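Numbers restart at 1 for each chain; the letters A, B, ... are given by sequence-line order, proteins then strands. Just so it is clear, the structure is predicted and the values come from calculations on it, not from any experiment.
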Protein chains: 2
Amino acid sequence: MGVTIKDIARMANVSTTTVSRVINNKSEGVSESTRKKILDLVKEFNYQPNALARGLVTKKTKTIGLIIPDISNPFFPDIARGVEDSANDYGYNVFLCNTDEDLHKESEYINALKEKYVDGIIFTLASIPKYEHILDLIKSGIPVVMMDRFIESKDIKGVFLDNLEGGYIATKHLIDLGHRKIGCITGPLHTKTSIERYEGYQKALMDANITLDKSFVVESNYKMDGGMKAAEELLREKKITSIFACNDLMAYGAYKVIKACEYKIPQDISIVGFDDILISQMLETQLTTIKQPTYDMGATAAKMLIDMIEGKKVRKKIVSFKPQLIIRQSTCAIDRR
Amino acid sequence: MGVTIKDIARMANVSTTTVSRVINNKSEGVSESTRKKILDLVKEFNYQPNALARGLVTKKTKTIGLIIPDISNPFFPDIARGVEDSANDYGYNVFLCNTDEDLHKESEYINALKEKYVDGIIFTLASIPKYEHILDLIKSGIPVVMMDRFIESKDIKGVFLDNLEGGYIATKHLIDLGHRKIGCITGPLHTKTSIERYEGYQKALMDANITLDKSFVVESNYKMDGGMKAAEELLREKKITSIFACNDLMAYGAYKVIKACEYKIPQDISIVGFDDILISQMLETQLTTIKQPTYDMGATAAKMLIDMIEGKKVRKKIVSFKPQLIIRQSTCAIDRR
DNA sequence: CTGAAAGCGCTAACAC
DNA sequence: GTGTTAGCGCTTTCAG
């Protein structure tokens, strides 16, 4: 559909090689006059190089894949936006792939992306701890950057949040406010992120010489209803004065239960979440939470990937982002009770 | 990187033609034995066809482009998910492109997608009423499906929400509850969607024999702060008893102002929004609103596009989705005041 | 039922 | 400075 490099060459009375040289700016050895002639023709006939043909010979497509669990999960749009913006800056396009954490879909996407010769892939793994296929992928030579969910392996590169630090500062904030009986609603404890946040909680307690009471810890599912159930359990004569929920959705579930029980937030019970999703600042009592720099994480992952693709030295194999405590209205000092 | 059709052909002692036939299931004329031999080899060596080479000759890439303003706008992730799911069902991959409603970026993406030979493009236009480039694109022959934002043109195909109906049922709901003094916070009135929602409001009033009071109508910007300003204006001795905000973000802005003024929702002022974004059901007083079937719209757009690509008869050129009234807690009958 | 040959549109040695 | 040639990996006539 349209004019090819041959057409331009014929009209300019030059070879395709020469045309190729100028459209790729490898025009060291092209006279200014033929250069201009070609450029004029290109503009006049709106010549657009066929990326398939080009890719077939160069083995580069200026295309990357982004594989995530689910773009409609509020955690991912900002990441995706960061990735796409960076990619776009470097002239790359991005394939969006939603896996629903399904390993089969994950493999299918990997195959499709390989067939389409993407230059690299950014990955947020399924939380299931199974990733031989990823390791194989990396060994096959295609640049891969992991995001958010870590893999134990020497040759992994990636962008992660310091979840331990996040759990730590969330809990420390509560401790600094005078709380001693701090409940913890964790995510599923077979995932690294959940474990780390929980470890952060434990470390903060330890540093403050507070003994861990396991009955204050409830494992949940990162969902709202899970947060509700967990809060019901914690409220059952545990006498806790505060809760650290390992994500905002669960914090919101807890929030609803607490308010339904006629407790006041933060006077009766302080609560801190994790993620800083949009709703957190829209609640009646705005949620104190731990913010992840999602956009930056996406943007950094894409930059890193493209550096790898273009053979630049990638200094840091692992970039660790620091979470940030956002103090809002759902926490207060215990002596204000 | 890896084994090609030639390798398979050599190992099977057949021509590449034959291999091509079996991997593309055009194997009418291939004996069962060679067929099996080839399939075994394909599996053994994990042969993956090179999509670039294939696309170069077939002019088809099993790839579509999705051009939207901004994936981090909560309205779009569900749409994108619908698009991607449908595409995936048919074996297509999707390029994600964020334009920020910038016409220049829009054109750049169109060019890039054409160079990469996408089979079709799904579009949510910038709201600026300028779209010659889209019309050109369509004339160039590449299948295009519009989404959400309409263009006046015979040969347009697309998927839209019946925004007039949406404005109508929102307003009618208020009228049915006994309200007569109904404020309206519109979006920017140079966009078709905004105009239509506003027209729906007017039509509902007219059908109920309520005279339109223009002082009850405030044009705003679809953003939260715009909703706040508009609400402040409406609250200034207009004596309205209810507000129809043309999206949830503005409704939320109004909500905050109303509560800040110590009015009660819905007893003093009823409010209905539009979109049903996640936060609407998370507010202290859950928001009555108009829901758009975003996922379905995306999924339908992709199906439509792929049907066009694959030459199937597309019965409906325009699919109009009906909005749905979601009654929650922010509206009540006027006599309960 | 199978293969030979041409060609998609481009880039990359290499030669002049 | 510029052109010739080969070839990327595949599909598609056309012939047998």
Side-chain angles (χ1 to χ4, degrees), chain A residues 1-39 41-42 45-63 111-119 141, chain B residues 1-39 41-42 45-63 91 111-119:
Chain A
M1 115 189 159
V3 25
T4 74
I5 197 171
K6 265 191 199 163
D7 300 325
I8 300 290
R10 195 181 321 116
M11 295 188 294
N13 278 315
V14 296
S15 71
T16 60
T17 313
T18 304
V19 178
S20 173
R21 279 197 268 255
V22 349
I23 61 175
N24 290 306
N25 275 319
K26 290 178 183 166
S27 19
E28 299 142 355
V30 180
S31 78
E32 203 43 51
S33 63
T34 68
R35 187 184 150 69
K36 184 174 180 333
K37 187 167 36 164
I38 289 167
L39 254 17
L41 253 12
V42 163
F45 291 91
N46 188 27
Y47 165 68
Q48 294 190 262
N50 179 326
L52 299 176
R54 178 180 278 169
L56 187 56
V57 11
T58 60
K59 261 66 182 131
K60 292 269 174 268
T61 55
K62 290 270 184 179
T63 298
N111 282 337
L113 294 179
K114 279 168 94 174
E115 292 186 0
K116 289 181 179 171
Y117 264 79
V118 296
D119 297 332
Chain B
M1 116 187 159
V3 25
T4 75
I5 197 172
K6 264 188 198 164
D7 300 325
I8 300 291
R10 195 181 321 115
M11 295 188 295
N13 278 315
V14 296
S15 70
T16 59
T17 313
T18 304
V19 177
S20 173
R21 277 198 267 258
V22 351
I23 62 176
N24 290 306
N25 275 320
K26 290 178 183 166
S27 18
E28 300 142 352
V30 179
S31 78
E32 202 43 52
S33 63
T34 68
R35 185 182 152 69
K36 183 173 180 330
K37 188 168 33 166
I38 289 169
L39 254 18
L41 253 9
V42 163
F45 291 91
N46 189 28
Y47 165 67
Q48 294 190 264
N50 180 325
L52 300 175
R54 177 180 279 170
L56 186 55
V57 9
T58 61
K59 263 64 182 130
K60 292 269 175 268
T61 55
K62 290 269 186 181
T63 298
N111 282 337
L113 294 179
K114 279 168 93 175
E115 292 186 359
K116 290 182 178 171
Y117 264 79
V118 296
D119 297 331

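One cannot find a donor-acceptor pair under 3.5 Å joining the base of C:dT11 and the side-chain atoms of A:T17. Judged by distance alone with a 3.5 Å cut-off, no donor-acceptor contact links the side chain of A:R21 to the base of D:dG1. No donor-acceptor contact under 3.5 Å links the side chain of A:R35 to the base of D:dG1.
Rounded to whole Å, atom P of C:dC10 lies 9 Å from atom CD1 of A:I8. As a whole-Å value, the separation of B:N25 CG from D:dT11 P is 12 Å. Atom-to-atom, CD1 of B:I38 to P of D:dT11 comes out at 12 Å; the value is rounded to the nearest Å. A:N50 places its CG atom 8 Å from the C1' atom of C:dC10, with the value rounded to the nearest Å.
Considering B:L41, B:V19, B:I38 as possible partners of B:M11, the one that fulfils the side chain to side chain contact (heavy atoms under 4.5 Å, CB included) test is B:L41.
Residue B:K59 places none of its side-chain N or O atoms closer than 4.0 Å to OP1 or OP2 of D:dT11. The phosphate of C:dC8 has neither OP1 nor OP2 within less than 4.0 Å of any side-chain N or O from A:T4.
Looking at B:N24, its side chain never comes within 3.5 Å of a backbone N or O of B:K26 through a donor-acceptor pair. Between the side chain of A:T61 and the backbone N or O of A:Y117, at least one donor-acceptor pair lies under 3.5 Å.
Residue A:N13 is classed as a sugar-phosphate contact, given heavy-atom separations below 4.0 Å to backbone atoms only.
For the pair B:V57 and B:T34, both in contact range of DNA chain C, the more 5′-proximal nearest nucleotide belongs to B:T34. The residue among B:S15 and B:L56 whose nearest nucleotide of DNA chain C is located toward the 5' end is B:S15. Of the residues near DNA chain D, B:A51 and A:T18, the one whose nearest nucleotide (by heavy atom distance) lies more toward the 5' end is A:T18.
Side chains of A:T63 and A:K116 form no contact here, defined as non-hydrogen atoms less than 4.5 Å apart.
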